[in-house]
2 protein chains.
Amino acid sequence: MARTQGSHSDITGPRIRKAALHLFARYGYAAVSMRQIAAEVGVQAGALYNYTPDKQSLLYRLMRDHMEELLAAQKALPSQDCALDALRQFVGFHIRFHMQRPEEVFIAYMELRNLTPENFAEIEALRRDYEDALQGILVAGQAEGVFALQDAKIATLAVIAMLNGVMTWYRAGGRLSLDQVERIYWDMVRKAVAA
Amino acid sequence: MARTQGSHSDITGPRIRKAALHLFARYGYAAVSMRQIAAEVGVQAGALYNYTPDKQSLLYRLMRDHMEELLAAQKALPSQDCALDALRQFVGFHIRFHMQRPEEVFIAYMELRNLTPENFAEIEALRRDYEDALQGILVAGQAEGVFALQDAKIATLAVIAMLNGVMTWYRAGGRLSLDQVERIYWDMVRKAVAA
DNA sequence: GTCTATAAGCTGATAGAC
DNA sequence: GTCTATCAGCTTATAGAC
C-alpha cells in the first residue's frame, strides 16, 4: 500500500475514516495507533492530521455520522396506522439497519467511554432520540390497548437490548436467513409487549 | 497511597486484582497501564510481576474467576418442579447476580477481544455453559407445552441480551427498586417465550 | 498534501540491590 | 516482596522541506 507523494484530498479523507472504522472495530480505539491507521491507508502518520485534528475527533466523527444516519433513516420510515404495525416496522428496520453496519454499531456502543465528556453528551443525545421513537410507539400501543407494559422506558431499553443481541451472534450465510431472524425476533418482541 | 518497603504477599495480590478490576472497568484494558494499577495499589510497577506474569493474565484471571463464580452459583440453584418456575428463578438469579458485580460483568463482555485466542476460547466455553443452562429450561418448557419458541438457541440469546440490558441503565437508589426491576423483566420474559 | 524528522513522554517487562 | 533503574520500543502530535 506504500504510495509516493501526490495530492488526494478528495479520497484520502474517506479512506482514513474507513481504515479507522475497521481497526477500531477490530482492536478497539485505545489499542489502535495513528501509525496503524496511516499504514492501512498507505500514507505516513503525519498526513492524517490534514484530515483530523486528532485521534479523538476521528472516533467522534465515526460515531456521530452513524447515529445521524440511523436517526435520519428511522425518521424516514412511512407512518403506520396502528402501534402494532409501527412496532413491526421498527423491529424490521432496526435489525436490517444494524446488520448492514456491524462495525459502526459495534464501535457506537463499545467506544462510548473513550469519548471526551463533551462528545459523549452529543452521542448520548442522539441515542436518546432514537430510543424515544421506540418509546413513542410503545406508549401509543398502550393507549390503543394492544400493548401492556409495567414500565414503558424499561420496555424500550429491553426491546433494543434484545434486538442488539443479534449483532453478537449473526453471521451472514449462517444457519438462518435475515428474513428468518427478523420473524423470530418479531415474534418474541410482539409477545413480550402484548396486552 | 505511597507505601514503604515490606512484605505483604497475602494482601497485595487481591489488592492488585481489585485495582485492575476498577481501572479496566472504567477506562478499558488497553487504556490502562501497569503503572496506573501499581499506583492505585500503592506499589511500584515492578512489584506487580510478583503476582502476575503479565498484564494479559491479570485480565484473564478476572474474567475466569467471574465466569466460574457465575456458573457455580447458577448450578447451586434449587431445582424446580416446572420450567416456568425454573425460568422465573433464572431471571431473578441472573439480574441479582449481575447487579452485584457490575464491574466484572462489564469487563467480561467488553474485553473479550483483548484476550489471547487461547484465553478467549476458555472464557467462551464457560459462557456457553451458562447459556446452555437457560436453553435447557426453555427446551423443557417447550416439551411441557408452556413455552412456544421458533428457535430455542436464539430465544436463549435474546433473553440474556434483554436481561443484560439492565446493566446499562440501572443505578442503585434510582427510580426503581431491585424487586421492581425483577418483576418488570420477568413479566416481559415470561410473555416473550409463552405458548 | 505528503513527506521526513523530531519532541516529549509513555509502554510492558526485567535485573539486581536491599 | 518491594524497591530503583533501565531497556527497547511505542505513543500522539508538530515543524518544516518539497
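All values below come from the heavy atoms of this structure, side chains included, with hydrogens, waters and symmetry mates left out.
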Glu131(A)/Arg128(A) salt bridge by N-O under 4.0 Å criterion:
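No, this pair does not count.
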
I need the [atom1]-[atom2] distance between [X] and [N], as an integer number of Å.
X	N	atom1	atom2	answer
Leu48(B)	dA13(C)	CG	P	10 Å
Lys55(B)	dT14(C)	NZ	C1'	17 Å
Asn50(B)	dG1(D)	CG	P	6 Å
Ile11(B)	dT2(D)	CD1	C1'	13 Å
Tyr51(B)	dT2(D)	OH	C1'	8 Å
Gln44(B)	dA5(D)	CD	C1'	11 Å

Check the side chains of Tyr130(A) and His94(A) for a donor-acceptor pair under 3.5 angstrom, ignoring hydrogens and angles.
yes

Can you find a side-chain donor-acceptor pair between Tyr60(B) and Glu122(B) that sits under 3.5 Å?
yes

DNA chain C contacts among residues 22-37 of chain B, heavy-atom distance under 4.0 Å
Val32(B), Ser33(B), Met34(B), Arg35(B)

Mind jotting down which residue pairs meet the salt bridge (Lys or Arg N to Asp or Glu O under 4.0 Å) criterion with at least one end in residues 165-175 of chain B? Sequence neighbours excluded, please.
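Qualifying pairs, neighbours excluded: Asp151(A)-Arg175(B).
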
Does a side-chain heavy-atom distance below 4.5 Å link Asp187(A) with Lys191(A)?
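Side-chain contact under 4.5 Å: yes.
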
Which nucleotide in dA13(C), dC3(C), dG1(C) has an atom nearest any side-chain atom of Asp54(B)
dA13(C)

For the side chain of Tyr49(B), starting at C-beta, report the closest nucleotide among dC3(C), dG12(C), dC3(D).
dG12(C)

If the condition is side chain to side chain donor-acceptor pair (under 3.5 Å), which residues does Glu103(A) pass it with, not counting sequence neighbours?
His22(A)

Between Thr12(A) and dG1(C), is there a contact of a side-chain N or O with OP1 or OP2 at under 4.0 Å?
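No, no such contact exists.
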
